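Here the structure is laid out as structure tokens; the discussion comes afterwards.
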Amino acid sequence: MRVYNTLSREKEEFQPLEDIVRIYSCGPTVYQYAHIGNMRTYVFMDLLRKVLQFNNYNLKHVMNITDVGHLVSDMDDGEDKLNKSARLQQKSPYEIAKFYTEVFMSDLQALHIQTPEIIVYATDHITEMIAFVEDLVNRGVAYETSDGIYFDSAKFEGYGKLSRLDLEEQQAGARVAVNTEKHNPADFALWKKAPPEHIMQWPSPWGQGFPGWHIECSTMAEKYLGDAFDIHTGGVDHIPVHHENEIAQSESRLGHQWVKYWMHGEFMMVNGGKMSKSLGNAYRLADLQERGFSPLHFRYFCLNAHYRNKLNFTWDAMAGAKTSYDRLHAAVFAHKNGTDEACHTEADLLRTQFAEAVNDDLNAPKALGFLWNMARLPAKSQYIYDLILACDSILSLGLEATPVVETVSLEADVEAMVEARRVARANKDWAASDRIRDELKAQGILIEDTAQGMKWRKA
RNA sequence: GGCGCCAUAGCCAAGUGGUAAGGCAGAGCUCUGCAAAAGCUCGAUUCCCCAGUUCAAAUCUGGGUGGCGCCUCCA
């Protein structure tokens, strides 16, 4: 299989360092609800897992839960996000973290995203982080200021190699130097000294404090995956700061290349623009469900675009994905227990093309096209059904489930109307029959007469 | 000011040198009392514009135009 490596900006043949594939994924900061843009990145992460497994690799995958240390500003002087959320909601940071972590894990499950083998919490690794920072200080690449311990970006010559940003050029911009104690603008906090009112704080060689945001990933990745591993994933927004800083910390300490492949998921747009809370378009999975879109409809929506391209979310596009998914599901189900003589050569070819597509840098949209071609094969055959389910072990769209006609529990009076229409139809009173159907439609209930009798579903 | 990405039918979206996947919406047909649902068929002579390279370009090069993102937190 081939994957696009942000470090080289090229697709590369995937070759693991050892038999077992080691992955680290930047997980959520659990101070608020995750929105669908966040979830898109985890669908991408899951697709990567599934394709690796399809290629018979065993995985050791670590995902962190950031429950401390992520400041509201990158100026290294803002408030910790957990701390702030806790203050606003008048709860303890641990309660906040626990609540949002549970919602997050539940969303993952709903989206058929496999839980990585190892889930780790930043607050469980404070001791290791302090040791990591001490080591950097001892190596002379970090220094102390009045408010914390900072990494000296000038001491790491590879700084900027992931984002390919020229620091000198960047400084010509509007960036405001707020911390005059920093040696270089790009220097970042490894450890912050905590003011007394700061809720989350731990003792350290530098007094009471809390860890910088970037140190947690470097520390936990090393603890669970060793001093080098295969793939590090995250959103594209993490390339310039977070991941650049992780590399600086870890490679300064390890003295060699830390991560072989960096993979990043692109952003989700809304109506052609950025998704943001202030615009009120940072939808959650729950918002979609309120509008009648299931998590799997959303997964299908995500898989219909390549993970490295921006995906434009609109309600129209979402509705299209829903219809498309439901029809695909029904078309696939038509093959179950099918006894037609299927052309195995044709079906096998599509299966091969499907595999080639996912192995080519996780090209799910292309693969989905082949899946549709399989589902639309005229001969209905169990053979094809099995092939499709094998493909779905990668896409995880839940196609093995029996499609259920979406029915609504009927109110007593609605039930009476349905019965009245049944009688009208039996009497061939088409006028009455159509009138009742229109009335029900006005109430949002669609009537369908099928060979199996009258069916109804929500509009 | 710097860096980068993108521009394919009404919409979403693959395709990165060999003559435009797939889906949604739409149109026609079949079927059903009429509808709906379902099935079948149709749909870009063309890939933002201009020039160039090539036997051959949506795909490569150069120049435009337009949109978006990053350089502040962000998946």
Side-chain angles (χ1 to χ4, degrees), chain A residues 9 11 25-29 32 34-45 70-76 78-79 81 160 163-176 178 185-186 213 233-242 264-269 272-277 282 300-301 303-314 316-325 327-328 330-331 334 353 357 360 363-373 375-376 378 405 425 428-431 433-434 437-438 441 446-451 454-457 459:
Chain A
R9 305 288 156 103
K11 279 188 201 173
S25 293
C26 282
T29 301
Q32 61 175 21
H35 57 242
I36 56 176
N38 296 315
M39 299 325 288
R40 182 192 182 197
T41 301
Y42 298 107
V43 168
F44 146 62
M45 173 192 91
H70 197 166
L71 304 180
V72 293
S73 153
D74 194 41
M75 305 292 193
D76 294 315
E79 191 174 4
K81 286 184 173 180
S163 56
R164 301 193 177 183
L165 286 175
D166 185 332
L167 292 178
E168 300 302 317
E169 296 294 334
Q170 298 306 309
Q171 288 166 31
R175 184 166 189 152
V176 184
V178 292
W213 173 38
T233 76
V236 287
D237 54 309
H238 281 157
I239 296 172
V241 177
H242 185 49
H264 295 95
E266 248 298 351
F267 264 37
M268 171 168 279
M269 320 281 289
K274 195 177 171 177
M275 177 182 293
S276 77
K277 288 200 148 179
Y300 182 94
F301 178 77
L303 259 22
N304 197 223
H306 190 92
Y307 78 90
R308 280 195 292 116
N309 283 147
K310 292 183 181 69
L311 173 57
N312 190 24
F313 180 90
T314 63
D316 271 0
M318 191 60 228
K322 173 188 160 102
T323 305
S324 182
Y325 173 83
R327 286 187 186 162
L328 176 67
Q353 290 173 314
D360 181 16
N363 197 331
K366 190 175 187 179
L368 216 39
F370 293 123
L371 193 68
W372 265 100
N373 290 336
R376 282 276 160 86
V405 179
R425 276 173 53 78
K428 293 191 187 295
D429 182 355
W430 310 125
S433 164
D434 288 350
R437 187 175 60 198
D438 289 343
K441 190 178 177 184
L446 293 183
I447 294 291
E448 287 172 22
D449 301 311
T450 72
M454 202 187 302
K455 281 185 181 171
W456 52 89
R457 62 191 174 89

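Just so you know, these numbers use all the heavy atoms, side chains as well, and skip hydrogens, waters and symmetry mates. Order of the sequence lines fixes the chain letters, A, B, ..., with proteins taken first and strands second; residue numbering starts at 1 for each chain. Just so it is clear, the model here is predicted, and its values are computed rather than measured.
- Rounded to a whole angstrom, the distance from the C1' atom of B:A57 to that of B:C47 is 11 Å.
- Between the side chain of A:Arg437 and the base of B:A35, at least one donor-acceptor pair of N or O atoms lies under 3.5 Å.
- A straight line from CZ of A:Arg40 to P of B:C12 spans 14 Å, rounded to a whole angstrom.
- Here the C1' atom of nucleotide B:U16 and the NE2 atom of A:His306 are 13 Å apart, to the nearest Å.
- Pair assignment for B:A7 gives B:U65, based on Watson-Crick or G-U wobble hydrogen-bonding distances that are each under 3.5 Å.
- Nucleic acid contact for A:Lys274: base, since at least one base atom lies under 4.0 Å from a heavy atom of the residue.
- Residue A:Pro240 is in sugar-phosphate contact alone, with no base atom involved, counting any heavy-atom pair closer than 4.0 Å across all strands shown.
- Atom CG in A:Asp237 sits roughly 14 Å away from atom C1' in B:G4 (whole-Å rounding).
- One C1' atom belongs to B:G23, the other to B:G63, and the distance between them is 36 Å to the nearest Å.
- The partner of B:A25, taking Watson-Crick or G-U wobble pairs whose two distances both stay under 3.5 Å, does not exist in any strand shown.
- If you check B:U45 for Watson-Crick or wobble pairing at under 3.5 angstrom, you find it has no partner at all.
- Nucleic acid contact for A:Gly37: base, since at least one base atom lies under 4.0 Å from a heavy atom of the residue.
- Within the 4.0 angstrom heavy-atom criterion, only backbone atoms of the sugar-phosphate kind lie near A:Trp372; the bases stay farther away.
- Rounded to the nearest Å, the gap between the P atom of B:C42 and that of B:A7 is 28 Å.
- Across all strands, A:Met318 comes closer than 4.0 Å to no nucleic acid atom at all (heavy-atom distances).
- Residue A:Thr314 is classed as having no contact, given no heavy-atom separation below 4.0 Å to the nucleic acid.
- Per the geometry, CD belonging to A:Glu266 stands 15 Å off C1' belonging to B:A13, to the nearest Å.
- One atom, NZ of A:Lys366, and another, C1' of B:U16, lie 10 Å apart when rounded to the nearest Å.
- If you take atom P in B:C68 and the same atom in B:A75, they sit 22 Å apart, rounded to whole Å.
- A:Asn304 contributes a side-chain N or O that forms a donor-acceptor pair with the base of B:G22 under 3.5 Å.
- When Watson-Crick and G-U wobble pairs are counted only if both distances are under 3.5 Å, B:U19 pairs with no nucleotide at all.
- Remark: B:U72 base-pairs with no nucleotide in the shown strands. Criterion, Watson-Crick or G-U wobble with two distances under 3.5 Å.
- Comment: A:Lys441 does not engage A:Asp438 in a salt bridge, judged by the lack of any side-chain N to carboxylate O separation of less than 4.0 angstrom.
- At a threshold of 4.0 angstrom between heavy atoms, the contacts of A:Met39 with the nucleic acid are absent.
- B:G33 is unpaired under the Watson-Crick or G-U wobble criterion, no partner having all donor-acceptor distances under 3.5 Å.
- The interatomic distance linking A:His242 (NE2) with B:C70 (P) rounds to 17 Å, in whole Å.
- Among the protein residues, A:Arg308 comes within range of no part of the nucleic acid, since none of its heavy atoms lies under 4.0 Å from any strand.
- Among the protein residues, A:Leu328 comes within range of no part of the nucleic acid, since none of its heavy atoms lies under 4.0 Å from any strand.
- Contact annotation: A:Arg327 side-chain N/O to B:A38 OP1/OP2 distance is under 4.0 Å.
- Going from atom CD of A:Glu448 over to atom C1' of B:A38 covers 9 Å, rounded to whole Å.
- Phosphate contact (OP1/OP2 of B:A13, side-chain N/O of A:Asn363, threshold under 4.0 Å): absent.
- Atom CD of A:Gln353 is separated from atom C1' of B:A21 by 10 Å (rounded to the nearest Å).
- Between the side chain of A:Asn312 and the base of B:G67, no donor-acceptor pair of N or O atoms lies under 3.5 Å.
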